[in-house]
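Input: a single structure, listed below in structure tokens.
Values reported hereafter were calculated over all heavy atoms of this structure, with side chains retained and with hydrogens, waters and symmetry mates removed. Each chain gets a letter, A, B and so on, in the order its sequence line appears, and its residues count up from 1.
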Amino acid sequence: MAIVIAKVIVDVSTAAIDRPFDYQVPEEWEAFIQPGVRVHVPFGPRKVQGFVIGIDETSQVESAKLKPLQSVIDVEPVLTKELLELAKWLKDDTLCFYNDALQVMIPAALRAAYSKIVHVDSSVSLSQKFESLLSKDREVDFQQIEKAKLLPELKHLLQNQLAEIETRIRQRSTPKKQTVYHVASVPEEIGGNAKKQLQVLEWIREKQVSFFTLPQLQQDFSVTGAVVEAMVQKGYLTKKKQEIYREIEMLGDASTDKVVELTDKQNDVLSQIITSADQQQSDVFLLHGITGSGKTEIYLHAIEHTLSLNKEAIMLVPEIALTPQMVLRFKMRFGEQVAVMHSGLSIGEKYDEWRKVIRKEVKVVVGARSAIFAPFENLGLLILDEEHESSYKQEDSPRYHAREVAKWRAEFAHCPVILGSATPSIESYARATKGVYHLVKLPGRANAKPLPPVELIDMREQLKGGNRSMFSIELADAIRDRLAKREQIVLFLNKRGFSSFVLCRDCGSTVQCPNCDISLTYHRMGEALRCHYCGYEEQVPTQCPQCKSEHIRFFGTGTQKVEEELTRLFPEARTLRMDVDTTRTKGAHERILHHFGQKQAEILLGTQMIAKGLDFPDVTLVGVLNADTSLHLADFRAAEKTFQLITQVSGRAGRHEKEGKVIVQTYDPDHYALEYAKMHDYVAFYTKEMQIRKVYEYPPFYYLTHIQISHPDVLVTAEYADKVASWLRDELSNQATVIGPTASAISRIQDRYRYQCIIKYKKEPNLIPVLHQLLKLTRSEWEKQGVRIGIDLHPSTLV
DNA sequence: AGCACGCCGACT
DNA sequence: GTCGGCGTGCTC
């Protein structure tokens, strides 16, 4: 009898473990075990979860060392054949651990949680404290022992073998089950005193349901479970435990979404995509269309066509643009065929949506970045809306870009990809210009409304004129005018790399995070200072920690401060504020927008998150309070990001009947990014930006790789950063330039100093092997000294 | 990563 | 003498 060997990637993300381990498959499971299922395996002295990535009949490992699998977790694979292949590519392409590449593809609910359980023998005399922690089966969580400072006692027990520790793997989420009552035989009449039962029967008759849950019943009238149970006893109803999907709460009007007639231009674009889909070409289309040009309508039609081919579609939307309106639009168009995946959902809800996909109950997925891994097996279309968005790049391992994953999957499935944007990334547009992507354009808004005029206000002039307010005279006048006309205003505060902090007016020092090398951010709520990197929090001091002066106050422009000034200048106006503070709770985002849509406020004030997707007919003025903050980032994409931002925000004004206007306040009105944004001229901006990228040798002319070295000691960090740089210079060909090492812009995060090197290259065949070698070197030797290395192959930002 | 094994200093 | 510090090495 031939033995069956499972190749398993265990759930341990370390360099030494980053390879398949072989396990013997017990005979009775041979039929179950297939690539893509998860298993529990013994691993050294403990038990861990793992992914079966392959089945074999032989093993290089001597058979004496082979252990059998402990148990099988999944009956059906959680990863398709395609996703297993994709993981292999992903780990090589992003230089991450195999395990990380696999884990990123399954919903969080399926990721293992480990806990250590202490099991104590019966009839052992324990301290009272210890005894009180034990459960009925004489078990207790290891962490509780630790917390109660009972470790010495535990150690004693372990030595005398009176207790043992077990690593237990918890499943985070199980399908939600609920009791569902099915109508069996309903009598015409029930006698006696059973008033409530009668009420239930009437309800059933009225609603014409064949099954229901207790909460559903309780929505309409007060009734207890006892009543329904009695009816089950009498045989009127039968009850079943059934799996249900957690319902996703949605606000907004379910106004009918009629299939809109496409314009000629839209039809032209659509037909190109359809042709490509029909011919099973894995073409990449870059759809360049200004805000309001009807890109979404093209997506909807293209998805419809995909469904007509009996294939599936994935559409990615940046997290912040995944608004209820957007979701509603898809739900109305495709009904039950859509699953939605975004970070606003609970772990359980995400798991439910994912199961709809793997069970083939849906054909369309709309979601943020990670939805690109939706386990479809018959993909016909992939869409990335707002393809330039930096949120498509994951900033921790695996550092993948959803655009690259989409292209890989399209290649695999022989289907097209649509990258849509009003302001495509410079890289994508360059590829389209070179013919690598198909460039399709939608000039002009679908409703033929002109783009709103953009006015740049020179804030230096305001200051000279004696206006020290954060509102220029022009903007203040415009706000007053709109308020008088009962129109709405959106004010945008550019907070990229910028925040309010506490400053001492005597010595000029700011309050810094004790762990990270940055200023703490002032939060009005609770008068707290918080670090945005590590979450450290403290109270606002009354004295300057440096010079003991009492002249310490917050400085900078937070949304709260703007809000205060707004109330001062326009006491009659109602303002809604939308930023990280006011949208922290679930559904808050939706609520604020809903209120604004209902005209419960005249002014919507917010940061990045209001730049996208808002579409309110009465918004006729958009103000950008400070265009400069993103302009002066130490990042080669600063101009690009600013241009995108201004363009996006401008798109919020005058989308309907009323004419809109945009006012941008800046200290640098001559900057080309602002000038071209004012002219609504993407191509001119692109041309200018490309010239600059060429001169300074930045992407897309050169590729970059970002290497970060960190250690608790600054000198050690610098020393190893030097080693990395010189080692790279030796190993790489002279076609590649190594820049640095330099201290990172935020030179310390979570008590670790950070240095960085940048590799710049046009073509470097050795790059991947050399980086692999570097990782091997550092992981085997340097890691012991506490040196950590992070490699980002196509960094989205250098700060 | 975790966990065991193993080899040297200060304690019941 | 033993308890326990953390260096080293392994996990199919």
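Atom-to-atom, CD1 of A:Ile3 to P of C:dC12 comes out at 15 Å; the value is rounded to the nearest Å. The separation between A:Asp11 atom CG and B:dA1 atom P is 13 Å, rounded to whole Å. Between the P atom of B:dA1 and the NZ atom of A:Lys47 lies a distance of 22 Å, rounded to the nearest Å. Spacing between atom CD of A:Gln103 and atom C1' of B:dA1 amounts to 14 Å, rounded to whole angstrom units. Distance CD (A:Gln49) to P (B:dA1): 19 Å, rounded to an integer number of Å. Taking atom CZ of residue A:Arg111 and atom P of nucleotide B:dA1, one finds them 19 Å apart after rounding to whole Å. Remark: P of B:dG2 and CG of A:Asn99 are 12 Å apart, rounded to the nearest angstrom. Protein atom CG of A:Asp18 is 15 Å distant from nucleotide atom C1' of C:dC12, rounded to whole Å.
Base engagement by A:Phe43 is indicated by at least one non-hydrogen atom pair under 4.0 Å involving a base atom. Contacts of A:Pro42 with the nucleic acid, taken as non-hydrogen atoms under 4.0 Å apart, involve only primed sugar atoms and P, OP1 or OP2. In this structure, A:Ile17 reaches the bases: a heavy-atom distance under 4.0 Å links it to at least one base atom across the strands shown.
Residue A:Val61 has its side chain nearest to C:dC12 when only B:dA1, B:dA4, C:dC12 are considered. When each of B:dA4, C:dC12, B:dA1 is scored by its nearest atom to the side-chain atoms of A:Ala16, the top-ranked nucleotide is B:dA1. Counting only heavy atoms from C-beta on, A:Phe21 has its side chain closest to C:dT11 among B:dA1, C:dT11, B:dC3.
Remark: side-chain polar atoms of A:Gln24 are not paired, donor with acceptor, to backbone N or O of A:Ile3 under 3.5 angstrom.
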Stepwise side-chain hydrogen bond (donor to acceptor under 3.5 Å, both in side chains) test for A:Ser796 and A:Glu395: CA-CA 9 Å; A:Ser796 64; A:Glu395 287 303 336; 2.9 Å; yes
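Listed by chain and number, the residues in a ring-ring contact (aromatic ring centres under 6.0 Å, His included) with A:Tyr23 amount to none (sequence neighbours excluded). A:Arg138 meets the salt bridge (charged side-chain N to carboxylate O under 4.0 Å, His left out) test with A:Glu131; sequence neighbours excluded.
At C:dT11, one or more side-chain N or O atoms of A:Lys65 fall inside 4.0 Å of OP1 or OP2 (strictly under the cut-off).
You won't find any donor-acceptor pair under 3.5 Å spanning the side chain of A:Arg46 and the base of B:dA4, going by distance alone.
With ring centers used as reference points, A:His794 lies under 6.0 Å from A:Tyr703.
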